[in-house]
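Below is one structure, written out as structure tokens, with a few remarks after it.
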Amino acid sequence: MGDRTGEHLALVDVNNFYVSCERLFDPRLENRPVVVLSNNDGCVVARSPEAKALGLRTGMPWFQIAPQAEAWGLVARSSNYELYGDLSARVMELLGRWGTWQQVYSIDESFIGLTGTPRQALETGRQLRRAVARHLGLPVCVGIASTKTLAKFANHVAKNNPHDARIDGVFSVEQAPAGFVDRLMQRLPSTEVWGVGRKSGDKLERLGIRTMAELRDAEPGWIRSRFSVVLERTVLELGGVACIPDADEHAGPAQVIFSRSFSRPVVSSADMADVMNAYGQRAAARLAAQGQRARTVMVTAGTSRFSGPDGSVSKSVALPRATADPIAITRAAVGAMRSVMREGVPYTRAGVMLAGLGPAETGQEMLAGFEEVEGADVVPDRHLEDVLGRVRGRFGGTAIGLGRGGLAEQGSWTMRREFASPQYTTRFSELPVVRA
DNA sequence: AAGCGCC
DNA sequence: CTGGCGCTT
């Protein structure tokens, strides 16, 4: 745990984040059903309230919905992660200013620490909600409590009572009327608790625990023996004991994965080599951007989960040295895949995973290799990944890459993005034009 | 390598 | 004609 004694925890997230981002730049999407689709336009990942009212659920495949879309006036958008990522950075930066501490939990969620009395913390929550609306035009909900799990619950309360003027998007467990939280927990199923999914919910039910309140009141040690230390912590947190450790700010992620489904199955090893070339570069670029190096490359490829025999393969290979060099990583990925894939099998997805991560060399270490240029005012880049990172930072992610066409070249397997919106905030050529 | 849960 | 990711076991 960090040093957060006596603080309140707020969990802030953006309502229907991807849809809200799309609406920000296309007001025609206001007041009508809108869904944002996953990569490859596969299934629904975000819904406007109007789309929810139509009964559309997250995870629904688009091909099942598409026939009715026109009759419903439903608008679909392909996911535009350039846009969402950019807006996310702005939201997170703004939220960080309101907290004594911040943990960015996902693209649209952040835990932040609030000080003062419970009453003051609630008022801060209301202020930051107004600030995000004013500065970024995005609607957020805020849940405030003493533990992360309770803050998640409080956020859920805020989000699911949009028309309650007393809540108005901000709910504090500590400031709720007596008995209110307990009555709610007695009504809500355990699966509404953060960290309790379908499987654990089923198992809990078989053991006689159905509601959030029953889970909160369960014996922690018994839960640990029947489930895991992770669920035990959830029980303690529901009871107000903060015990989910904060993410280590300094440590990057333990692994970097770049994995995608194909628009069309990949059958030949030649095409799969192109895939590994492209995915290896993307994974390597992320690794370099995080200032990390990898020791291990793992490749995976799989057949359709919904039809035909399961033909998933994977192979892990050690790199000769820890590196973020896209040439070394891409070579390793292509070679590993060639050794395990079966020619003629229709693979529908593949991935490159980098593991055994550690920090990249410091500036001092890099300088050590350049005694020969001592006195020069510019230290040349020692690593290809640094050069690529700088070019991409200035000219865009596909401006430069390995091989003919680099990352810009598209294969027949490239993901489908039929309903893509412009990159309003990250490409000069796609800036929205405003006429007054 | 698979299960699980989250977004 | 059905996502991607990270962590745990």
Side-chain angles (χ1 to χ4, degrees), chain A residues 11 13-21 35-47 56-67 76 78-81 84-85 88 104-111 141 148-149 152 155-156 159 190-204 224 227-234 244-245 247-248 251-265 279 282-283 286 290 298-308 310-316 340 346 348-355 357 413 415-418:
Chain A
L11 188 270
D13 75 352
V14 183
N15 305 346
N16 327 307
F17 181 51
Y18 299 168
V19 169
S20 296
C21 292
V35 293
V36 173
L37 304 176
S38 65
N39 277 333
N40 228 12
D41 295 341
C43 60
V44 173
V45 292
R47 307 160 293 159
L56 300 178
R57 298 211 309 212
T58 184
M60 274 187 171
W62 172 242
F63 74 86
Q64 287 178 355
I65 299 167
S78 304
S79 39
N80 181 349
Y81 286 103
Y84 313 148
S88 171
V104 175
Y105 178 72
S106 75
I107 192 164
D108 77 325
E109 288 177 281
S110 195
F111 288 105
C141 279
K148 290 181 181 175
T149 305
K152 271 272 192 186
N155 181 277
H156 177 92
K159 201 176 314 173
S190 68
T191 48
E192 297 287 345
V193 176
W194 183 41
V196 181
R198 174 87 192 284
K199 296 288 176 151
S200 305
D202 285 351
K203 186 172 169 186
L204 283 166
R224 181 180 58 219
F227 294 86
S228 65
V229 65
V230 176
L231 194 63
E232 180 192 25
R233 286 188 181 137
T234 299
I244 294 180
D248 184 348
Q255 53 192 18
V256 167
I257 300 176
F258 188 88
S259 145
R260 287 285 180 279
S261 300
F262 308 133
S263 57
R264 209 170 298 189
Y279 289 17
R282 301 287 292 270
R286 279 191 200 173
Q290 284 165 9
M298 184 168 147
V299 297
T300 60
T303 49
S304 172
R305 301 200 302 273
F306 304 97
S307 65
D310 180 21
S312 64
V313 292
S314 76
K315 182 172 176 71
S316 156
V340 286
T348 57
R349 60 203 147 86
V352 173
M353 177 173 145
L354 305 175
L357 306 192
W413 41 269
M415 76 176 177
R416 200 169 11 234
R417 288 187 71 200
E418 205 181 327

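None of the values given here were measured: they were computed from a predicted structure. All heavy atoms count here, side chains included; hydrogens, waters and symmetry mates do not. Chain letters run A, B, ... following the sequence lines, proteins first, then strands; residues in each count from 1.
Chain A approaches DNA chain C over the interval dC1(C) to dC7(C), counting the first and last nucleotide 5' to 3' with an atom under 4.0 Å from its heavy atoms.
Comparing Arg349(A) and Phe63(A), the nucleotide of DNA chain C nearest to each residue sits closer to the 5' end for Phe63(A). Mapping Gln64(A) and Ser259(A) onto DNA chain C via the closest heavy atom, the residue that lands nearer the 5' end is Gln64(A).
Lys159(A) pairs by the salt bridge (charged side-chain N to carboxylate O under 4.0 Å, His left out) definition with Asp13(A), not counting sequence neighbours. With sequence neighbours left out, the ring pair (Phe, Tyr, Trp, His ring centres under 6.0 Å) criterion links Trp194(A) to Tyr105(A), Phe111(A). Qualifying ring pair (Phe, Tyr, Trp, His ring centres under 6.0 Å) partners for Tyr81(A), counting only residues two or more places apart in sequence or in other chains: Tyr18(A), Tyr84(A). Residues that satisfy the salt bridge (charged side-chain N to carboxylate O under 4.0 Å, His left out) test with Arg224(A), not counting sequence neighbours, are Glu232(A). With sequence neighbours left out, the side-chain hydrogen bond (donor to acceptor under 3.5 Å, both in side chains) criterion links Thr234(A) to no other residue. Taking Glu192(A) as the reference, nothing meets the salt bridge (charged side-chain N to carboxylate O under 4.0 Å, His left out) condition, with sequence neighbours excluded. Residues satisfying the ring pair (Phe, Tyr, Trp, His ring centres under 6.0 Å) criterion with Phe17(A), sequence neighbours excluded, are absent altogether.
Using a 4.0 Å heavy-atom distance criterion, Arg286(A) is classed as a sugar-phosphate-only contact. Among the atoms of the strands shown, only primed sugar atoms or phosphate atoms (P, OP1, OP2) are found under 4.0 Å from some heavy atom of Ala254(A).
The CZ atom of Arg349(A) sits 8.0 Å away from atom OG of Ser259(A), with the distance rounded to the nearest 0.5 Å.
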Inset, instruction - Produce a footprint string for nucleotides 1-7 of chain B: one letter per nucleotide, 5' end first; B if the base is under 4.0 Å from any protein heavy atom, S if only the sugar-phosphate is, - if neither. - result: S--SSSS
